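The structure under discussion appears below in the form of structure tokens.
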Amino acid sequence: MKRIASMTVMLGMLLGMPVEAEVPAHFSAEAKALLANSVKLEESEHQLNVIYFLGTDAEVVPGYERRLSELLLYLQQFYGKEMERNGFGRRSFGLPMKENGEVEITVLRGKLPAAEYGYDKGPSKTLEEVKAYFAAHPDKKRSHHSFIIMPTFYNAQYNDKNPGGVPFYGYGVNCFALDYADFDIKHLGKDTPEGRLLTKWYGGFAHELGHGLNLPHNNAPASMNAMYGEPLMNAGNYTFGLKPTYLTPASCAVLDRSEPFAVAGDKTTFYSDGLPVPEVREAKLSYEDGGMKLQFMCKGAFTNINVYVQDPPYQVNKDYDAVAFCTTVGEERWDGFRPVSVTIPRKELNELRSDVQRLDLYFIAINGNRARWNMEFKWSDAEKGNVSIPENLSPSRVGY
Ligand code: ZN
């Protein structure tokens with residue numbers, strides 16, 4: 001974040017006090033209070049593109065620059081604190097900043113009336129126009145990742161009190177959210193109509209942004225939920241701002257190699273084609289002490305491996321229940337392979353009901369690419385030691 005150090009910060013540095021990020025003077029009192037315990041995040045090499053997209057007949061919702069800046073900065077802090085708690089450093093998605101402490105939001109006027117970019121029309125027209133804009137203004141493209149916000153429709157069905165009509169989802173490197181008059185952090189956590197509406201749309205904004213930063217859905221082992229609340233990429237969109245909501249270690253492992261989380265000086269070419277998927281050898285499964293143990297040797301330019309276990313069905317939006325485990329990776333041996341080991345205690349899956357489940361390995365490459373491999377198994381077989389895994393696995397690349 002590019003800011004001019006204030007007297008307070010400089011004094012704090014001189015006195016050896018913790019230095020906190022500054023909150024712009026024109027932010028609301030509520031935003032100042034919420035951002036008061038902000039931590040200083042590491043500088044980013046790349047930033048999220050923040051686009052306010054309008055049809056020919058639409059207008060920005062008044063106050064959007066302050067409101068969206070406050071909401072985005074609070075979310076940036078949430079992601080940054082969760083990354084730190086999970087051992088990945090004080091890192092969050094970079095945001096393009098203006099001198100006045102607001103987020104730089106690019107207003108982009110589409111070629112068609114707003115209705116043509118509605119939820120029912122799909123994202124392709126909007127994404128084509130965003131792509132054309134970046135082709136004409138390459139200096140405005142800060143990373144592969146774009147956060148695209150549209151004002152609510154105003155028609156017989158939708159308005160500021162019942163916002164909607166526009167796209168609201170995230171996938172690949174893009175996510176969509178909406179703006180409306182009371183989309184303001186001053187309502188956060190309040191038991192009022194505006195407060196409940198804010199949790200719905202701000203929690204959704206936080207969750208969809210996760211998808212746009214590469215995150216799949218996931219749940220966490222039961223003991224972790226008991227400690228920290230609701231994972232953002234499970235049903236955290238309904239709890240964010242109201243109840244404890246958190247990022248799982250598996251989510252943070254993905255964000256660790258998401259382009260907008262790269263720290264200044266990280267010159268990785270993100271999402272390039274050149275990186276082969278990891279090689280897996282000597283895989284074996286065993287059952288001991290009430291859990292399944294998976295071990296294999298792995299070679300490749302990966303940083304972390306997540307393992308997800310879930311009930312059928314498995315397709316997107318049926319995968320909220322996928323319980324995520326992070327693996328440990330050992331020292332490299334003579335042939336470049338590293339040992340990987342993960343234990344999946346049955347009792348940690350107590351929200352899962354089916355005997356048949358899927359085991360899903362998710363490899364995160366240093367350049368942000370991901371590869372997956374999965375198999376179905378039955379717990380009743382696993383408990384008898386009757387589940388086997390092919391010795392050599394071939395993960396295939398997914399996503400961007
Ligand atoms: Zn989702």
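Note that these values count all heavy atoms, side chains included, but never hydrogens, waters or copies made by symmetry. Just so it is clear, the model here is predicted, and its values are computed rather than measured.
In summary, K125 and E129 do not engage in a salt bridge, as defined by a charged side-chain N under 4.0 Å from a carboxylate O. One finds no salt bridge joining K299 and E332 here, because no Lys/Arg side-chain nitrogen approaches an Asp/Glu carboxylate oxygen to under 4.0 Å. Ion pairing between a basic and an acidic side chain is recognised when a charged N comes within 4.0 Å of a carboxylate O; R66 and D184 show such pairing. By the 4.0 Å N-to-carboxylate-O rule, D311 lies too far from R353 to be salt-bridged with it. E42 and R91 are not joined by a salt bridge, as no carboxylate oxygen comes within less than 4.0 angstrom of a charged side-chain nitrogen. By the 4.0 Å N-to-carboxylate-O rule, E59 lies close enough to R109 to be salt-bridged with it.
Not a single donor-acceptor pair under 3.5 Å links the side chain of E65 to the backbone N or O of E102. Side-chain N or O atoms of H145 include one that pairs as donor or acceptor with a backbone N or O of G212 at under 3.5 Å. Of the possible polar contacts, none joining the N304 side chain to the A250 backbone as a donor-acceptor pair under 3.5 Å is found. Of the possible donor and acceptor atoms, none in the side chain of Q357 sits under 3.5 Å from a partner among the backbone N and O of V309.
L255 approaches Y79 most closely through the heavy-atom pair CD1-CD2, 3.7 Å. The two residues L68 and I149 come nearest to each other via the heavy atoms CD2-CD1, 3.6 Å. Residues Q310 and D319 share a closest heavy-atom pair of NE2-CA, 3.6 Å. Contact between D273 and R397 at its shortest, heavy atoms only, is OD1-NH1, 3.3 Å. Between S38 and L35, the closest heavy-atom pair is OG-O, 2.5 Å. Between S258 and F270, the shortest heavy-atom contact is C-CE2, 4.0 Å.
Of the listed residues (V342, N374, I344, V387), just one forms a side-chain contact (heavy atoms from CB on, under 4.5 Å) with L359, and that residue is I344. Among E259, H46, E104, the single residue meeting the side chain to side chain donor-acceptor pair (under 3.5 Å) criterion with R142 is E104. Partner of F205 under the ring-ring contact (aromatic ring centres under 6.0 Å, His included) criterion, chosen from F147, F168, Y74, Y169: F147. Checking each of I305, N369, T303 against I364 for a side-chain contact (heavy atoms from CB on, under 4.5 Å) leaves exactly one that passes, namely T303.
Both tests pass for R338 against the ring of F302: distance under 6.0 Å to the centre and angle within 45° of the axis.
The aromatic ring centroids of Y64 and F183 lie 6.0 Å or more from each other. Taking the six-membered ring wherever Trp is involved, the centroid distance between the rings of Y271 and H144 falls below 6.0 Å.
Here the straight-line distance linking atom NZ of K284 with atom CE of M297 works out to 9.5 Å at 0.5 Å rounding. The distance from atom OG1 of T126 to atom CE of M150, rounded to the nearest 0.5 Å, is 3.5 Å. Separation of atoms OG (S92) and CD (Q77) is listed at 7.5 Å; rounding is to 0.5 Å. Separation of atoms CD1 (I148) and CG (N49) is listed at 9.0 Å; rounding is to 0.5 Å. Atom NZ in K190 sits 14.5 Å away from atom CG in L197 (nearest 0.5 Å). Note that the CG atom of L209 and the CG atom of L215 stand 8.5 Å from one another [nearest 0.5 Å].
Using modelled atom types and a 3.5 Å distance limit, the side chains of S44 and Q47 yield a donor-acceptor pair. With hydrogens and angles left out, the side-chain atoms of N219 and Y308 include no donor and acceptor closer than 3.5 Å. Under the 3.5 Å distance criterion, with hydrogens and angles disregarded, a donor-acceptor pair is assigned to the side chains of S223 and E348. With hydrogens and angles left out, the side-chain atoms of R257 and T268 include a donor and acceptor closer than 3.5 Å.
In this structure the side chain of I389 reaches within 4.5 angstrom of the side chain of W373, judged on heavy atoms. Here the side chains of Y117 and L112 are in contact, with some heavy-atom distance below 4.5 Å. Side-chain contact between F325 and L349 is present, with at least one heavy-atom pair separated by less than 4.5 Å.
With a 6.0 Å radius and a threshold of 12 heavy atoms from other residues, nucleotides or ligands, F134 has its CZ atom above the threshold. More than 12 heavy atoms of other shown residues, nucleotides or ligands fall within 6.0 angstrom of atom NZ in K121.
The aromatic rings of H207 and H211 stand perpendicular to each other, their planes meeting at an angle above 60°, with 30° marking the opposite boundary. Ring geometry, F78 versus F240: the interplanar angle exceeds 60°, so the pair is classed perpendicular (tilted spans 30 to 60°).
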Before you tell me yes or no, could you show the steps for Y246 and N225 under side-chain hydrogen bond (donor to acceptor under 3.5 Å, both in side chains), namely the whole-Å CA-CA distance, both residues' side-chain angles and the distance that decides it to 0.1 Å? CA-CA 9 Å; Y246 74 104; N225 284 344; 2.6 Å; yes
